[in-house]
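Here is the structure we will look at.
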Amino acid sequence: SETSARLSEDHGKHNLSEAYADLAPNEKIVEPVTPEMLRGYFVDWLGVAEGLGPEECIEALRSLKDVAAKEGRDDYSVLAAAGELYCELAHAVFRCRAGELAAPGLDVAEVFRREPLIFAWGVGSRSWLTADQCVWALPDEAPEGWSSQRRPLDV
């Protein structure tokens, strides 16, 4: 994916899963080697990380935000890349809570309250928001005269 390629270039992380995904069977090997077998070798035996850690995901979001600003990008490609990173971050936090990954040296929720790292496509002039500026979805109906300063994240 575009995000994986950019992370590989920017942060020296190489996606072995993608590299071996199209592994063609070799007629010289009696038992074909599959990507699942290689995953066990790399992850279980060699200790290759299962995915990015929380700090790496947050750093990648910061980098995506900076690159998007420099290139003047505020489009669906940024939304897709940010979405991939949010999913990766969720998996990383889950692995930390399950004890499969060392706990991050930072409070992930606090980072999102302090820094505008939430990409909200199509919400006007601001495309990167803090957690306090967002709500997942505003109610369909609200009392007359009521309004929220938060922006809905339904895209």
Contacts satisfying salt bridge (charged side-chain N to carboxylate O under 4.0 Å, His left out) that involve residues 88-98 (not counting sequence neighbours) are none
Going by side chain to side chain contact (heavy atoms under 4.5 Å, CB included), name the residues that satisfy it together with [X], two or more places apart in sequence or in a different chain.
X    : value
R39  : V43, D44, E50
F94  : none
C87  : none
A109 : D107, R113

What distance do [X] atom [atom1] and [Y] atom [atom2] have between them, rounded to the nearest 0.5 Å?
X   : Y   : atom1 : atom2 : answer
S77 : E71 : OG    : CD    : 8.5 Å
I58 : S63 : CD1   : OG    : 13.5 Å
E84 : L79 : CD    : CG    : 10.5 Å

Quick one: does [X]'s side chain get under 4.5 Å of [Y]'s, heavy atoms only?
X    : Y    : answer
Y86  : I118 : yes
C57  : H91  : no
F112 : D132 : no
L106 : E55  : yes
C134 : L129 : yes
W128 : L64  : yes

Contacts of type side chain to side chain donor-acceptor pair (under 3.5 Å), residue R62, not counting sequence neighbours:
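R62 satisfies side chain to side chain donor-acceptor pair (under 3.5 Å) with E59, E115 once adjacent residues are dropped.
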Closest heavy-atom pair, C96 versus P54, reported as atoms and distance to 0.1 Å, is SG-CG, 3.8 Å
Handout entry: Side-chain donor/acceptor of Q133 to backbone N/O of T130, under 3.5 Å
Key =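 Pair found, side chain donor or acceptor close to backbone of T130.
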